[in-house]
J.: 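Dropping a structure here in structure tokens format, bear with me for questions.
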Amino acid sequence: MKISDIPFATVDWLQVEATIHPGEEGFARWRTRQFGDIRVRMVDYSPGYLADHWCKKGHVLFVMDGELVTELDDGRVITLRPGMSYQVADNAEAHRSRTETGARLFIVD
């Protein structure tokens, strides 16, 4: 990731309008800001959330609250708790998210 031509700025995430994205089960609430080619999101997954797709987009993801289970298309299952993160490149390993309890994430992609 190359970050360029973005001046210093702050974001009050509570003031960013949320959009709802239904999953196969539950929903995700995204608060999104775009800075050039970089998308930054605060995402809340509802309890019982299961993504409706396998994602191939690269991310840096940080779990702020709750518990997130990430399934990889090779069969691995990784559980992340608050304070944990993952990073994956575009088209590297397809993955999808689920959570029984709900989760709050900070994602840069």
J.: Is the shortest distance from a Lys or Arg side-chain nitrogen in Arg104 or Asp44 to a carboxylate oxygen in the other one below 4.0 Å?
T.: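 Result for this pair is yes, salt bridge flagged.
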J.: What pairs with Glu93 under side chain to side chain donor-acceptor pair (under 3.5 Å), at least two apart in sequence or on another chain?
T.: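 Only Arg76 meet the side chain to side chain donor-acceptor pair (under 3.5 Å) criterion with Glu93.
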J.: Is there a side-chain contact between Arg33 and Val16, using heavy atoms and a 4.5 Å cut-off?
T.: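 They are in side-chain contact.
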J.: Kindly give the heavy-atom pair with the smallest separation between Ser97 and Thr70, and that separation in Å.
T.: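 Taking Ser97 first and Thr70 second, the nearest heavy atoms are OG-OG1, 4.4 Å.
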J.: So, for Ser46 and Gly26, which heavy atoms are closest and what is the spacing to 0.1 Å?
T.: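 In this case the closest contact between Ser46 and Gly26 is OG-CA, 3.4 Å.
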J.: Which pair of non-hydrogen atoms, one from Arg96 and one from Ala51, has the smallest distance, and what is that distance?
T.: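 Of all heavy-atom pairs spanning Arg96 and Ala51, the closest is CB-CB, 4.1 Å.
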J.: Do Ile3 and Val11 share a hydrophobic cluster, counting only Ile, Leu, Val, Met, Phe, Trp and Tyr and linking them when any side-chain heavy atoms are less than 4.5 Å apart?
T.: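 Shared cluster, yes.
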J.: Working to the nearest 0.5 angstrom, can you tell me the gap between Thr19 OG1 and His21 NE2?
T.: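 Reported to 0.5 Å precision, the distance equals 3.0 Å.
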J.: Using side-chain heavy atoms (C-beta onward) and a distance below 4.5 Å, is Arg39 in contact with Val108?
T.: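 No, their side chains stay 4.5 Å or more apart.
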J.: Decide if atom CG of Asp5 counts as having more than 12 heavy atoms of other residues, nucleotides or ligands within a radius under 6.0 Å.
T.: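 Count not over threshold, so no.
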J.: Should Trp54 and Val69 be counted in the same cluster of Ile, Leu, Val, Met, Phe, Trp and Tyr side chains packed under 4.5 Å apart?
T.: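 Hydrophobic grouping puts Trp54 apart from Val69.
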J.: What's the shortest heavy-atom distance between Pro82 and Gly66, and which atoms?
T.: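 Answer, listing the atom of Pro82 first, then Gly66: CD-O, 3.0 Å.
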J.: What pairs meet the ring-ring contact (aromatic ring centres under 6.0 Å, His included) rule with one or both residues in residues 58-77, with sequence neighbours excluded?
T.: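 Residue pairs passing ring-ring contact (aromatic ring centres under 6.0 Å, His included), neighbours aside: His59-His95.
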J.: Who else is in the cluster with Tyr86 when I, L, V, M, F, W and Y are joined by side-chain contacts under 4.5 Å?
T.: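 Joined to Tyr86, directly or through intermediates: Trp30, Val43, Tyr45, Tyr49, Leu61, Val63, Leu68, Leu72, Ile78, Leu80, Met84, Val88, Leu105, Ile107.
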J.: Rounded to the nearest 0.5 Å, what separates atom CG in Asp73 from atom SG in Cys55?
T.: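 So the gap between those two atoms works out to 11.0 Å.
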J.: So Phe106 and Val60, do their side chains get closer than 4.5 Å, heavy atoms only?
T.: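 Not touching, per the 4.5 Å side-chain cut-off.
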J.: Checking salt bridge (charged side-chain N to carboxylate O under 4.0 Å, His left out) for the pair Asp109/Arg41: CA distance, chi angles, key distance, verdict?
T.: CA-CA 9 Å; Asp109 50 27; Arg41 297 178 285 158; 2.7 Å; yes
J.: Salt bridge or not between Arg31 and Glu17? Use side-chain N to carboxylate O under 4.0 Å.
T.: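 Between Glu17 and Arg31 there is no salt bridge, as every charged N stays at least 4.0 Å from the carboxylate O atoms.
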J.: Measure across Glu67 and Ala103 and return the closest heavy-atom pair with its distance rounded to 0.1 Å.
T.: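 For Glu67 and Ala103, the tightest heavy-atom pair comes out as O-CB, 3.9 Å.
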J.: Decide whether Val40 and Met64 are clustered together by the hydrophobic rule: side chain heavy atoms of Ile, Leu, Val, Met, Phe, Trp, Tyr closer than 4.5 Å, transitively.
T.: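 Same hydrophobic cluster.
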J.: For atom NZ of Lys56, is the number of surrounding heavy atoms from other residues, nucleotides or ligands below 6.0 Å larger than 12?
T.: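 No - once you tally the heavy atoms of other residues, nucleotides and ligands closer than 6.0 Å, there are 12 at most.
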